[in-house]
Amino acid sequence: MTSIAQNLSELVGSAFAAQDLPRELGQVRVSDRPDLAQFQCNGAMAAAKQAKKNPREVAQAIVDALSSNDIFSKIEIAGPGFINLNITDEYLQDYLTNLENFGVEPTDEDRKIILDYGGPNIAKAMHVGHLRAAIIGDAVRRIMNFKGYKTLGDVHMGDWGTHMGMLIGDYIREDEQNIVLNADMNDSNAVQKLMDDFAVRYPKASGAAKENPELMQEARDITVKLQDKAEPYYSIWQKIRSISVEGMKKTYAHLGVEFDLWKGEADVHDYIAPMVDDLKAKKLAYTSEGACVIDVTDDQDKKEIPPLILKKSDGGVMYGTTDCATIVERMKLYSPAKMIYIVDQRQSLHFQQVFRAVRKADIVNDNVELTHAGFGTMNGTDGKPFKTREGGVMRLEDLIAMAIDKATVRLNEANLATDMDDAERTDVAYKVAIAAIKFADLQNQRQSDYIFDLDRLTSFEGKTGPYLLYQTVRIKSLLKKAEAQNIKFENAALIIQEEDRNLALLLGEFSDALNLSIQNYAPHYLCEYIHKLAQSFSSFYGNCHILSEENEDLRSSRLLLCHKTANQLEKALELLGIFVPIRM
RNA sequence: GCGCCCUUAGCUCAACUGGAUAGAGCACCUGCCUUCUAAGCAGGGGGCUGCAGGUUCGAGUCCUGCAGGGCGCACCA
């Protein structure tokens, strides 16, 4: 069970193979000229080039081989050698009637896939800069899980670097470390107060260290001591970390972003010393300018790649060190097939260094894929890296709150809100808000920069998350009415007519979109598909009688088509981390 | 200086990895709520895909050069 195009690819591929041509050239895709055909295969032209034959002759041989097949209602050669294909309505009915798992074939990969899509620093308020990694990573995780991959999402927070030295240094200098040490973790007010304290103190300490070299040096020294787990630094750190994690979990939960592993840089500390010793023994690590480094250059390099620093000259470790050690740990614990880092594109040199280092050190072999699935920078409407009017970065919680407010206003304007109780209204506003934010972000291609536009992120009309929810809710409302009228349609025969055909064909594309998203670690392919499906339904809904259709067979058929559409929309949205309210 | 990325409609973005007539949303214009939710539908205008060459049956997509923008280049993450 796959998509319609994949099914056709097998047939056409066999026809190519029978002509001693590469099977892959039989790849069939949905036509980009729907006025000419439903599906197309372009392989004949490529095959002709390889075999030095006339493309139309090659195409003709394929067409002849396919013509005995009764699932095609049209097979034509067009232009230089396009093979245009239409399927019969009987085939389409049959495909949809037997549709299982939305046409998605499970993978047979049973090793783990590790997804790294968090990276927030502890003690810092989460801001909109954390949005993309969280949303894209969570969607990739959900999508891969649905395909049957065994994923592990790791938040991998920044908790072992110099920024911790700055914060701890500030507490000690002000002699206020007891605020942290004595905080009662069971008192939610105290915890909140401390988080607010971090939010003020950290920027202050960080700014001061940047201006004052002595403070910076002090922060570095404390960081080294912390990394040696010396007191009182380590105790203060532990408390800061556990409080921060609590806040972080709350925000991620609010966003509907989930992780399997709540690990940080510090968790792999014990792997570092043995790893460095091993690298020294292998003569890969050496001392340069007082630091312990590993060379990662390659003969074919066109640019200079600096070595990866494992230990700074003061003995401290950097995030490259912990990243390598994390890979050591992941190999040991999970022996994964892939590790995918969904991290800002600007980190690409860093990941290149890390990946080379661990391959060179034989920490991972060629059976393990290491990918930096980078995403573009979030810019403001002026094209520069995003800042609020006050010059800061907008907090993630503020963004969510704004979107919820806007959704609540919109909801109160609608007539149907009057009979909702407060709990339902709150739930609907929340779901609409999250859908708006997530879909606005996810529909962008992952790797290019994008403009952070608050109006767009909290927009509910047009190509938005709420539009998709709305269409899904409309179908579900119809189905509920059908149920209330005791209309049974689950076992109805599908009747494909002109009005239904586009929607029906689209239902057979789900797996194509899903696979593209997986291959590229890019949810925007799935977004594109969902939008097309929702639009196609909306058009269908506007043009056809469904519940009000007088012909009972046709009515049942259409209800069944609606039912399948709703299921697919709801599932696809779920894979993006978007959830559908009962009504809106 | 070296290297990576980007430039598509007025704006924000797509284009199934080289295919046919480059598609959506916003904004603008024209219709449609006494039939299933108007957060909607039907339709319209709007493009030398930054510029110039090249590769080939075929280029927004690949190669070269140029212009403009962003980013990264040893002890921050």
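Proteins come first, then strands; the chains are lettered A, B, ... in the order of their sequence lines, and each starts at number 1.
- With a 3.5 Å ceiling on both atom-pair distances, the Watson-Crick or G-U wobble partner of B:C71 is B:G3.
- Judged by Watson-Crick or G-U wobble contacts below 3.5 Å, the nucleotide B:C51 has B:G65 as its partner.
- When heavy atoms are screened at a 4.0 angstrom cut-off, A:Asp512 is found touching no nucleic acid atom at all.
- No engagement by A:His350 is indicated, since no non-hydrogen atom pair under 4.0 Å with the nucleic acid exists.
- Counting non-hydrogen atoms under 4.0 angstrom, A:Gln519 reaches nothing in the nucleic acid.
- Summarising the base pairing, B:G19 is matched to B:C57 through a Watson-Crick or G-U wobble pair whose two defining distances lie under 3.5 Å.
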Identify all side-chain donor-acceptor contacts of residues 39-54 of chain A below 3.5 Å with residues at least two apart in sequence or on another chain.
unit_1	atom_1	unit_2	atom_2	d
A:Gln40	NE2	A:Asp32	OD1	3.0
A:Asn54	OD1	A:Arg56	N	2.8

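- Checking B:C26 for Watson-Crick or G-U wobble geometry (two distances, each under 3.5 Å) identifies B:G10 as its partner.
- Note on A:Met216: nothing from the nucleic acid sits closer than 4.0 angstrom, heavy atoms only.
- Judged by atom type and distance alone, A:Ser539 does not reach the base of B:A42 through any side-chain donor-acceptor pair under 3.5 Å.
- Once the 5.5 Å centre distance and the 30° plane angle are applied, the aromatic ring of A:Tyr467 is found not to be stacked with the base of B:A39.
- Per the geometry, CD belonging to A:Gln485 stands 17 Å off P belonging to B:U35, to the nearest Å.
- Judged by distance alone, with hydrogens and angles left aside, A:Glu265 brings no side-chain donor or acceptor close enough to the base of B:A77 to form a pair under 3.5 Å.
- Distances from the side chain of A:Gln445 to the nucleotides B:A14, B:A20, B:C36 place B:A14 closest.
- For A:Asn84 against B:A20, a side-chain-to-base donor-acceptor contact under 3.5 Å is present.
- Base engagement by A:Ser313 is indicated by at least one non-hydrogen atom pair under 4.0 Å involving a base atom.
- A:Leu479 CG to A:Leu560 CG: the interatomic distance, rounded to the nearest 0.5 Å, is 9.5 Å.
- Using a 4.0 Å heavy-atom cutoff across all strands shown, A:Arg456 reaches sugar-phosphate atoms only and no base atom.
- For the pair A:Met584/A:Leu469, a side-chain contact is recorded, criterion being any heavy-atom separation below 4.5 Å from C-beta on.
- Nucleic acid contact class of A:Thr162 (heavy atoms, under 4.0 Å, all strands): sugar-phosphate only.
- Backbone-only engagement by A:Leu349 is indicated by non-hydrogen atom pairs under 4.0 Å involving sugar-phosphate atoms exclusively.
- Side-chain atoms of A:Arg583 stay outside donor-acceptor range of the base of B:U37, with no qualifying N/O pair under 3.5 Å.
- Between the base of B:A39 and the side chain of A:Tyr470 there is no donor-acceptor pair shorter than 3.5 Å.
- Using a 4.0 Å heavy-atom criterion, one finds that A:Ala48 contacts no nucleic acid atom at all.
- Residue A:Tyr541 is in base contact, counting any heavy-atom pair closer than 4.0 Å across all strands shown.
- Taking 3.5 Å as the limit, the base of B:G23 and the side chain of A:Lys463 contain no donor-acceptor pair of atoms between them.
- Residue contacts for A:Ser288: at a heavy-atom cut-off of 4.0 Å it reaches a base atom on one of the strands shown.
- For B:C33, there is no paired base (Watson-Crick or G-U wobble, both distances below 3.5 Å).
- A:Asn42 comes within 4.0 angstrom of a base, heavy atoms only.
- With ring centers used as reference points, A:Phe355 lies 6.0 Å or more from A:His372.
- Remark: aromatic rings of A:Phe460 and A:Tyr467 are distant, center separation not under 6.0 Å.
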